[in-house]
Amino acid sequence: MKRYWRSIVLAGFIIATFSTYYIHSALAMGGLPNFVISHKSGSEKEIEGVKIWGYYQGGETEGSIMIDKNGSEHVKFHSYLDMITDNHFPKVIQQLQKDYRGFMRDKQEGGGKFFEDDEIVAYADVLMDFHYTVGNYSFTFDIDILDKKTKKQTKFSSKVPQEQDYQFMYPEAVQVTEDNIIKIVTRNMVRQDHEPHVNSNSSEENHIYTFDLEKQSLIDDEVVEANDFVADIDPEDDRYNIHTYSVLTLNSIGPEEYIVFDISIEEIEDYNIEEIEDMQHHMQPQFYESYLSVYHFPTGEQRVIDLPEEISEDFRPAYFHDSVIYFENYGEDRYEVVLYDFIQEEIIGQQTFAMEPMGDYWPDFRFNKDKFYMLSPISTESAEATLQVIDLKTGETLYEGVIEKENGAIEDDYRLELHFQELPE
Amino acid sequence: MKNYLKLVHFEFNRFFKIYISLIGITMIVQLLGSYVVPKKYLDHAQEMMVNQSLTASQYVEQWGGISMFDLTQSVWFMGPIALCIVAIFFYIFLIWYRDWFGKNTFIYRLLTLPTNRLNLYLSKATTILMMTLGLTALQLMILPISRRIFEGTVPADFIFSLSLQEIVGSFNYLTIFFPNSVIDFTIHYGLGLLAVFIIFTAILLERSYGSRGIILGVLYCVCALGILLLPVIITAMREKLFLYPIEYFFLEVFLSLGILVLSIWLSHFLLKKKITV
């Protein structure tokens, strides 16, 4: 044994040093206090599914924690395995991956769009291949449908009609109607034949492509209705930029009868084609006008929405669901939400939420179909952080709680930065 | 097993003098740097404070404070680490070639030992692993001492204090040697050991087949790397992720173990049947 002392000392040194380091690391990371959401008013059912991420700094300790109605948990350093198993897809997509593992392969890039109802799961994407000889992309629809009951998968592809007219396109939504019709909503950037004089020039269109699932063929290509002014603009006219996109639905990938589009036009006011080369940097586009257009999936009908005067141009459409559009407006010290039903043609809810900053930090807030969630950005030993759940239509506070150390312990200085990680759908 | 351990000790002894020198250089340079780097900062701070009539906090506001990052990112720290990496890398080759090209053709004696020839291969790999782990453990030991010297050289007003875990755990080269978790530790050092096995197999191919062996050795390394990267290459070509991330992980683990077993088997075969002295 004496002869081997060098190897024994080296092996012992390695084991002792690494063990000490990793044990010390584990102990240091375990030193974060526990936090709870203390109930002040309302029903605790309202915070089921609410997860709050916090970054704690206090004394010699700091680290990340996750808080929910059951308490808090220390978020430790991510190992490779944590990074691999952490799924950053929305919960609804994670559920699809769990329930239909085979179908969901080859669909993990996040570019395509999903649809799900009681009978089917549908997926649609636009594949783009760049052709160097023509200097443009070719576009192909890639559609995959899974029948939940029979487990039968139907997959087909179809060239995009008039693809040479477009510079870029991607899917924004997919809906399958009862009569085996799939409609894919895309946003297309129109290709211009000449080099635009203004670098920021763009002309966009939203299209609705209709496919017959039984025949596996394209049967219609509709462009979202323009108002008269937009319809008269020549795509080659670079005095105007047209931006259009579909407003996000609060229904995630479920069935929607309607879809709403936000179309805005910008104008280059001081457009002067003779001075273009010198003056390009002065030709900043200015907002000209915007409007909303609604499309009805089952019938294909579409119309421009006439908004009431109370919904000024300061309000922007954040989401829609069913026939209700949720408009939002950020004021200096407030956040306003207006719910407008475009079928009833009336405002069905309007709330203003006071926003008080804590230093440079503003409250975190989100909303879903009928509730508004607000969270203070910071908690310290002298400043309370509150969590509120408010009914969007009535303004009633459904729940109020305070984020604080467990057992109300008041100790040394600390600071906890907070924001929402997850909310109920 | 006994013969294997004796061979490990023997291989370690052969490199011991150079190893002690590497330890000495690392300790001296890094501990010296733990004084020099903050001293240089302090000299500059004192000069500026006198010239511009600044207080310490005003200086820090204008010029920034100092932390252990400034030391670990300096050549005083990274230089010895780089030297050790290069020394170990060259010894991965020398540990074999010295047996052929030393004063005596020592490999002849090794090959005639009454032990399984695979023990030669495994003992050399174990020695490389132990020496690497020894140097990284040394670095872990030096860091808190460096921090003491560092914080003793500069007044606290100028220091942005970091814990040992923060010094190591932030996004810099030290996390390669001291990963945050045991799983990551196994992955980092496991991949390192796999690379050593692949290089050893390439060396034995060269020693077995002469000039053709060089080509075979290089081809073996390229093919091993290609097999490990195959899932990534196929995914990039298809532009679609067919497997889920956890499946990719297990596939890579499976491929790595496969390459490991193949390297050991091939090396054993070459040592038994093909090696020439």
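Sequence lines set the chain letters: A, B, ... in the order given, protein chains first and strands last, and positions in each chain run from 1.
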H188(B) vs Y80(A) aromatic rings, parallel, tilted or perpendicular, using cut-offs 30° and 60°? tilted

Just wondering, more than 12 heavy atoms not from [X] lying within 6.0 Å of its [atom1]?
{"X": "Q94(A)", "atom1": "CD", "result": "yes"}
{"X": "E73(A)", "atom1": "CD", "result": "no"}
{"X": "F156(A)", "atom1": "CZ", "result": "yes"}
{"X": "K91(A)", "atom1": "NZ", "result": "no"}
{"X": "F16(B)", "atom1": "CZ", "result": "yes"}
{"X": "K51(A)", "atom1": "NZ", "result": "no"}
{"X": "F130(A)", "atom1": "CZ", "result": "yes"}

Atom [atom1] of [X] and atom [atom2] of [Y]: how far apart are they, to the nearest 0.5 Å?
{"X": "Y21(A)", "Y": "L143(B)", "atom1": "OH", "atom2": "CG", "answer": "8.5 Å"}
{"X": "F10(B)", "Y": "S7(A)", "atom1": "CZ", "atom2": "OG", "answer": "12.0 Å"}
{"X": "S181(B)", "Y": "D82(A)", "atom1": "OG", "atom2": "CG", "answer": "7.0 Å"}
{"X": "R6(A)", "Y": "N13(B)", "atom1": "CZ", "atom2": "CG", "answer": "5.0 Å"}

Please classify the contact of Y248(B) with chain A as side chain, backbone, both or neither, using a heavy-atom distance under 4.5 Å. neither

Quick check on E11(B) against chain A: is it the side chain, the backbone, both or neither that has a heavy atom closer than 4.5 Å? neither

Which heavy-atom pair separates L10(A) from M130(B) by the least distance, and what is that distance? CD2-CE, 3.5 Å

Of all heavy-atom pairs linking F13(A) and A137(B), the shortest is CE2-CB, 3.7 Å

Evaluate F178(B) against Y22(A) for ring-ring contact (aromatic ring centres under 6.0 Å, His included), listing each step before the verdict. CA-CA 9 Å; F178(B) 316 117; Y22(A) 281 110; 8.4 Å; no

Pick from L127(A), I84(A), T20(A): which one has the most heavy-atom pairs with chain B under 4.5 Å? I84(A)

Tell me which of these, K6(B), M131(B), H9(B), M141(B), has more heavy-atom pairs under 4.5 Å with chain A than the rest. H9(B)

Contact leader toward chain A among V8(B), I187(B), I183(B), where contacts are heavy-atom pairs under 4.5 Å: I187(B)

T136(B) side chain reached by I14(A) side chain, heavy atoms, under 4.5 Å: no

Could you check Y4(A) against L5(B) for side chain to side chain contact (heavy atoms under 4.5 Å, CB included), going step by step and ending with a plain yes or no? CA-CA 9 Å; Y4(A) 306 114; L5(B) 289 171; over 6 Å; no

Output yes when a side-chain donor or acceptor of Y244(B) lies under 3.5 Å from a complementary backbone atom of R101(A), and no otherwise. yes

